[in-house]
Amino acid sequence: MDIKQLHYFLLLCQQEHISGTADLLGISQPALSKSIASLEKELGIQLFDRRSNSIRLNSYGRDFAVYAQEAMEKLEQGFSHLRQTRYDTLGEIRIACHAFADCITGCLLAYTELNPRIKITISQSQDEQLAEKEDFVLAPQSDTLLAGTHQNTWISFPLFTEQHCVLISPRYREYPAEVTDLSMEELRDDLFIEMPLVSLFYRDITHRLCHAAGFSPKIFCSTEDFLTKITLVDAGRAICILPESNLRIARKLSPDIRTFFIKEMDTSRSLYLLARQEALKTEVVADFWEFAKDYYTHPPA
């Protein structure tokens, strides 16, 4: 008796049809019949009643099916445990974010599917120095971070490049559905919500884009809190500019919010993950570093 025989038997129990079961298994009818006959011979009893072209599970077959199903489930649990053990790395990953932390949560969720016992510490950092206690830094620019004494200690990997968008609630102003982009000149008289200067590593793009269009933005509110920013935009009190990676959460908080690309300006930014040089990485940190590079090089569909 082998696992394949039990698999064939349990599927035939469900179908009670030789040709249909063989088709599902991708094998010939004679091969399926031979496997079931071999199983019955080993058990010394018939599991099915056969009448002309029909086949029906009998009482012996129903009793045996209960144990066969339990056995297959136990085996699958064993396979899952072994697969999990293969990937089940232990340890801690510490990430300092100089960008919105949700930019990397998809990668972290995928990694913890394979390594559920990993401890992850994420801090929304305002420190202008690369903290010695962090394993990774998420940042919208790497050159500034790696300047000076850090260049021999840290390495960077570009995760993705994205554009910035203008977020406007219909309670602030409504636009026709076909309008998908706006110029900064059109926003000259609007109220903005900005993010204040948090560190040398982050600058809110709002002022740069407004100044490039020839005006200074009228600031309704300055806040570091993302929830506060989206709440105010949702209420129609002002508008804001955010990178594309922020839009998933923004739309959850404000489902009817409109997003517009900005015309005739370069609003792109690249996001980087920084890690310590190889010799300074723990096993789990080195493992996540390789996983993250593969994740962003070949992102899931």
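The aromatic ring centres of F100 and F226 sit less than 6.0 Å apart.
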Test side-chain contact (heavy atoms from CB on, under 4.5 Å) applied to T231 and T228, step by step | CA-CA 5 Å; T231 299; T228 299; 5.6 Å; no
Could you go step by step and tell me if L25 and H7 meet the side-chain contact (heavy atoms from CB on, under 4.5 Å) rule?
-> CA-CA 10 Å; L25 292 169; H7 177 58; 3.6 Å; yes
What do the steps show when you test Y296 against F157 for ring-ring contact (aromatic ring centres under 6.0 Å, His included), and what is the final call?
-> CA-CA 10 Å; Y296 286 101; F157 180 80; 7.7 Å; no
Stepwise, does the side-chain contact (heavy atoms from CB on, under 4.5 Å) test hold for S268 with E162?
-> CA-CA 5 Å; S268 63; E162 61 183 349; over 6 Å; no
After noting the C-alpha distance and the side-chain angles of L108 and I118, does the key distance pass the side-chain contact (heavy atoms from CB on, under 4.5 Å) rule?
-> CA-CA 10 Å; L108 290 170; I118 290 295; over 6 Å; no
Step-by-step side-chain hydrogen bond (donor to acceptor under 3.5 Å, both in side chains) determination, R251 to T259 = CA-CA 9 Å; R251 287 170 178 148; T259 59; 2.8 Å; yes
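Atom OH of Y295 sits in a crowded spot, with more than 12 heavy atoms from other residues, nucleotides or ligands closer than 6.0 Å. By the neighbour-count criterion of 12 heavy atoms within 6.0 Å, atom CD of E185 is densely surrounded, having more than that number from other residues, nucleotides or ligands. Residue E264 qualifies as open at atom CD: its count of foreign heavy atoms under 6.0 Å is 12 or below. A 6.0 Å sphere centred on NZ of K4 holds no more than 12 heavy atoms belonging to other residues, nucleotides or ligands.
Annotation for K263 and S183: closest pair CE-N, 3.7 Å, computed over non-hydrogen atoms. When all heavy atoms of Y175 and R258 are compared, the closest pair comes out as O-NH1, 3.1 Å. Contact record, T206 with P217: CG2-CB, 4.3 Å, taken as the closest heavy-atom pair. Nearest heavy-atom pair, A65 versus L10, reported as atom, atom and distance to 0.1 Å: O-CD2, 3.8 Å. The minimum heavy-atom distance linking R188 with A213 is given by the pair NH2-O, 3.5 Å. A pairwise comparison of heavy atoms in I18 and L32 identifies O-CD2, 3.5 Å as the closest pair.
E244 places a side-chain N or O within 3.5 Å of a backbone atom of Q163 that can act as its donor or acceptor partner. In terms of modelled atom types and a separation under 3.5 Å, the side chain of S33 and the main chain of P30 share no donor-acceptor contact. Under the 3.5 Å distance criterion, the side-chain polar atoms of N58 are matched with a main-chain donor or acceptor of Q46. H164 places a side-chain N or O within donor-acceptor distance of the main-chain N or O of T267, the cut-off being under 3.5 Å. In this structure, the side chain of R248 does not engage the main chain of C103 through any donor-acceptor pair within 3.5 Å. For the pair S254 (side chain) and A250 (backbone), a donor-acceptor distance under 3.5 Å is absent. Checked by atom type and distance alone, the side chain of Q5 pairs as donor or acceptor with a backbone atom of D2 at under 3.5 Å.
To the nearest 0.5 Å, the span separating OG1 on T112 from CD1 on I120 amounts to 5.5 Å. With rounding to the nearest 0.5 Å, the separation of NZ in K218 from CD1 in I239 is 11.0 Å. Between atom CZ of residue F288 and atom CG of residue D135 there is a gap of 10.0 Å, rounded to the nearest 0.5 Å. Atom CG of L138 sits about 7.5 Å away from atom CD1 of I95, to the nearest 0.5 Å. The structure places CZ of R94 at 7.5 Å from OG1 of T121, a figure rounded to the nearest 0.5 Å. For the atom pair CE of M72 and CZ of F9, the computed distance is 11.5 Å after rounding to the nearest 0.5 Å.
Using a 4.0 Å cut-off between charged side-chain N and carboxylate O, E16 and R50 make no salt bridge. Taking the charged nitrogens against the carboxylate oxygens, R56 and D49 have no contact shorter than 4.0 Å, which rules out a salt bridge. Electrostatic pairing of R171 and D234 counts as a salt bridge here, judged by a charged N lying under 4.0 Å from a carboxylate O.
Between V285 and R276, the closest side-chain pair of non-hydrogen atoms is not below 4.5 Å. Residues L39 and Y8 are not in side-chain contact: their nearest non-hydrogen atoms beyond the backbone lie 4.5 Å or more apart. You'll find the side chain of F192 reaches within 4.5 Å of the side chain of C210, heavy atoms only. Residues S156 and W154 are not in side-chain contact: their nearest non-hydrogen atoms beyond the backbone lie 4.5 Å or more apart. No side-chain heavy atom of T282 sits under 4.5 Å from any side-chain heavy atom of E92. Residues L247 and I257 fail the side-chain proximity criterion, which asks for heavy atoms closer than 4.5 Å. For the pair E134/S123, a side-chain contact is recorded, criterion being any heavy-atom separation below 4.5 Å from C-beta on. Side-chain contact between H98 and V137 is present, with at least one heavy-atom pair separated by less than 4.5 Å.
In the hydrophobic clustering of ILVMFWY residues, with side-chain heavy atoms under 4.5 Å counting as a link, V233 and F261 come out apart. Grouping the Ile, Leu, Val, Met, Phe, Trp and Tyr side chains by contacts below 4.5 angstrom, directly or via other members, places I3 with L47. Under the 4.5 Å side-chain heavy-atom criterion for grouping Ile, Leu, Val, Met, Phe, Trp and Tyr, L227 is connected to I193 within one hydrophobic cluster. Hydrophobic clustering of Ile, Leu, Val, Met, Phe, Trp and Tyr side chains at less than 4.5 Å, counting indirect connections, unites V179 with M265. L12 and Y67 fall into different hydrophobic clusters, defined by Ile, Leu, Val, Met, Phe, Trp and Tyr side-chain heavy atoms under 4.5 Å apart, directly or through other members.
Ring-plane geometry between W289 and F136 is classed as parallel, the angle between the planes falling under 30 degrees on a 0 to 90 degree scale with a further cut at 60.
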